[in-house]
Amino acid sequence: MATDSNQFQKIISHCKEYGFIFPGSEIYDGQQAVYDYGQWGSELKKNIKDYWWDSMTRMHENIVGIDAAIFMHPTTWKASGHIDNFNDPMIDNKDSKKRYRVDHLIETFAEELTSSGNEILANEILSSMESLLAKDDFLGLKKLIEDKKIKCNISGTCNWTDVRQFNLMFSTEFGSTASENGEDNIVYLRPETAQGIFVNFLNVQKTGRMKIPFGIAQIGKAFRNEIVARQFIFRMREFEQMEMQFFIRPGTQKQWYEFWKAERLKWHLSLGTSTDNYRFHDHIKLAHYADAACDIEYNFPIGFKEVEGIHSRTDFDLKQHQEFSKKKMQYFDNDIDEATGKPFGNYIPYVIETSIGLDRMFLLVMSQAYTEEDLSTAEKQDSRVVLKFPAKLAPLKLAVLPLVKKDGLPEIARKIMDDCKSSFRCFYEEKDTIGKRYRRMDAIGTPFCVTVDYQTKEDNTVTIRYRDSMKQERISIESLKDIVLLAIR
Ligand code: ATP
């Protein structure tokens with residue numbers, strides 16, 4: 001597992017310096033594990049969202065989207081199992097009082113072993129951890145930590161408490177007056193967007209006249225009180241998910257699980273990443289609702305890590321909501337079952353879920369795009385940082401740059417802006433030399449720059465400069481819009 005923390009730090013600094021991501025509430029010294037997306041970050045995030053949304057809904061006729069509320073009836077979380085089961089095993093170091101997620105503590109130790117050339121031992125430890133986690137064997141986990149002499153990185157000691165479970169849901173109170181029974185007022189900030197889809201399953205199915213198999217997609221905020229939130233936007237307490245629940249006939253889950261694994265990987269690869277940077281990781285310890293699950297992992301500068309989960313959730317959630325709400329969650333399937341010659345009839349559908357973290361996808365796109373290039377020649381030293389985003393995701397598509405601030409050039413540039421800005425995001429800039437302006441656009445990943453110069457006044461042509469190759473060519477103003485539109489399709 002090759003990691004490059006230096007590269008990771010550079011990406012974090014770049015995100016801040018160029019208006020992609022700022023630490024949350026920075027003027028108050030920040031709020032741990034909370035981040036704000038800046039002017040270019042919010043554009044990039046929106047473009048990732050749109051790309052996911054369009055490929056899920058527009059490109060699949062049998063998938064529709066919803067936008068459910070963050071606050072849900074508290075019984076939702078009893079039914080889904082989150083109140084009882086949404087826990088992570090934690091351990092505290094008695095000397096530093098620092099709390100660790102057990103899997104993170106062991107994984108970090110294994111990563112250190114790997115980087116010091118001890119990969120075989122690291123893999124042994126990881127596989128022992130997985131099988132102990134799968135059995136909820138907390139004594140075994142503590143023993144593993146002690147036997148391997150895993151130390152707290154603050155106190156440097158192995159003085160550990162027992163392993164305990166902590167619930168990851170945030171709670172708050174609803175309404176202005178506390179009821180006699182305070183419990184009645186407690187609501188949770190949703191830890192996943194999926195439940196908003198499950199409780200609306202029949203609303204959508206009936207009003208949309210959806211026939212199984214069909215899917216419901218949603219993008220929205222989720223909240224988890226991660227004890228150890230770390231690694232920039234990779235693990236936050238407030239984050240965004242892009243989830244799709246695909247409702248299917250019971251017994252067909254294996255086939256649809258494989259279908260969605262392939263489909264989702266295809267989506268990732270459509271953004272130009274090489275297959276070597278992706279891998280599937282099958283879960284041994286399954287969540288309480290799943291009969292199969294895997295992660296799509298990406299080779300981040302911090303190593304291969306989960307970016308998306310594909311879960312075969314069985315009929316667990318709909319069945320639980322039926323039981324807790326006392327409302328039927330059944331679907332009537334009037335297709336003919338060849339085995340019996342009769343309609344399939346009433347059943348509670350099974351579900352395949354695809355769940356991707358928008359912020360992790362952002363980090364993936366950023367990690368993939370961030371490039372340092374040495375442009376030195378015999379005469380002078382030179383370099384640039386360029387974000388090689390796929391054009392359709394780039395925050396800005398076109399920069400329009402008059403060579404000088406006079407002689408009618410800004411007016412022509414403004415006219416180009418007016419012609420293009422309703423079709424895609426453009427940026428106008430007249431300050432500094434053209435070279436400096438190009439570099440600033442490289443640093444935020446703008447795929448095209450056009451320069452308006454004196455020749456433009458004579459023949460209506462501009463110089464277009466391509467971000468990745470830095471090649472420049474003369475084109476007519478008329479053809480400009482189509483060139484950009486073709487690239488961002
Ligand atoms: P992890 O094992 O990393 O905690 P998970 O398996 O709990 O993740 P899921 O419940 O499958 O995650 O959530 C689906 C997706 O939501 C994940 O693949 C990830 O991209 C994203 N996600 C989950 N937790 C966080 C978080 N704390 N911060 C940012 N994204 C997250």
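First listed ligand is number 1; within each ligand, the first listed atom is number 1. For this chain, numbers begin at 1 and follow the sequence in order.
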Counting from 1, what ligand 1 atoms have a heavy atom of Glu226 closer than 4.0 Å?
-> 24 (N), 26 (C), 27 (N)

Of all the atoms in ligand 1, which lie at a distance below 4.0 Å from a heavy atom belonging to Gly309?
-> 18 (O)

Does the ring centre of Trp256 sit less than 6.0 Å away from the ring centre of Tyr350?
-> no

Filtering Leu168, Val307, Thr354 for the heavy atom nearest atom 20 (O) of ligand 1 leaves Val307

Ring centers of Phe300, Phe234 separated by less than 6.0 Å | yes

Do you know which two heavy atoms are closest between Met236 and Glu226, and how far apart they sit?
-> O-CG, 3.6 Å

Tell me, please: is His283 in heavy-atom contact with ligand 1, that is, under 4.0 Å?
-> no

Provide, to 0.1 Å, the distance between atom 17 (C) of ligand 1 and the closest protein heavy atom, together with that atom's residue and name.
-> Glu306 OE2, 3.3 Å

A student checking ligand 1 against Met236 at a 4.0 Å heavy-atom cut-off should list atoms 26 (C), 27 (N), 28 (N), 29 (C)

Mode of Arg224 contact toward ligand 1 - side chain, backbone, both, neither (heavy atoms, under 4.0 Å) = side chain

Run the ring-centre check on His60 versus Trp260 and record whether the distance is less than 6.0 Å.
-> yes

of all protein heavy atoms, closest to atom 19 (C) of ligand 1 is Arg360 NH1, 3.5 Å

Among Tyr298, Phe86, Phe362, Phe239, which one has a heavy atom closest to atom 30 (N) of ligand 1?
-> Phe239

Can you tell me which residue and heavy atom of the protein come closest to atom 21 (C) of ligand 1, and the distance to 0.1 Å?
-> Gly357 CA, 3.6 Å

Tell me whether the centres of the aromatic rings in Tyr100 and Trp160 are closer together than 6.0 Å.
-> yes

For Phe234, the ligand 1 atoms whose distance to one of its heavy atoms is below 4.0 Å = 28 (N), 29 (C), 30 (N)

His311 heavy atoms, cut-off 4.0 Å: which ligand 1 atoms fall inside?
-> 11 (O)

Here the atoms of ligand 1 under 4.0 Å from any heavy atom belonging to Glu308 are 18 (O)

Does ligand 1 have a heavy atom under 4.0 Å from the side chain of Arg235, from its backbone, from both, or from neither?
-> both

Between Glu353 and ligand 1, which part of the residue brings a heavy atom under 4.0 Å of the ligand: side chain, backbone, both or neither?
-> neither

List, one per line, each side-chain donor-acceptor pair under 3.5 Å for residues 17-26, sequence neighbours excluded.
unit_1: Glu26; atom_1: OE2; unit_2: Lys16; atom_2: NZ; d: 2.8

Proximity flag Glu192 to ligand 1, non-hydrogen atoms under 4.0 Å | no

Cation-pi check, Lys261 to Phe280: give yes when NZ or CZ is under 6.0 Å from the six-membered ring centre and within 45° of the ring axis, no otherwise.
-> yes

Would you call Lys388 and Glu372 a salt bridge, taking side-chain N to carboxylate O under 4.0 Å as the test?
-> no

Has Lys221 got more than 12 heavy atoms of other residues, nucleotides or ligands less than 6.0 Å from its NZ?
-> yes

Is it true that Met361 lies under 4.0 Å from ligand 1, counting heavy atoms only?
-> no

For atom 14 (C) of ligand 1, what's the nearest protein heavy atom and its distance?
-> Ser355 OG, 3.0 Å

Flag yes if more than 12 heavy atoms outside Lys151 fall under 6.0 Å of its NZ atom; otherwise flag no.
-> no

Part of Arg237 with heavy atoms under 4.0 Å of ligand 1, whether side chain, backbone, both or neither = neither

Aromatic ring proximity, centroids under 6.0 angstrom, Phe259 and Phe246 = no

Shortest protein heavy-atom distance from atom 16 (O) of ligand 1, along with the residue and atom involved | Gln241 NE2, 3.3 Å

Across all chains, not counting sequence neighbours, the ring-ring contact (aromatic ring centres under 6.0 Å, His included) partners of Phe239 are none

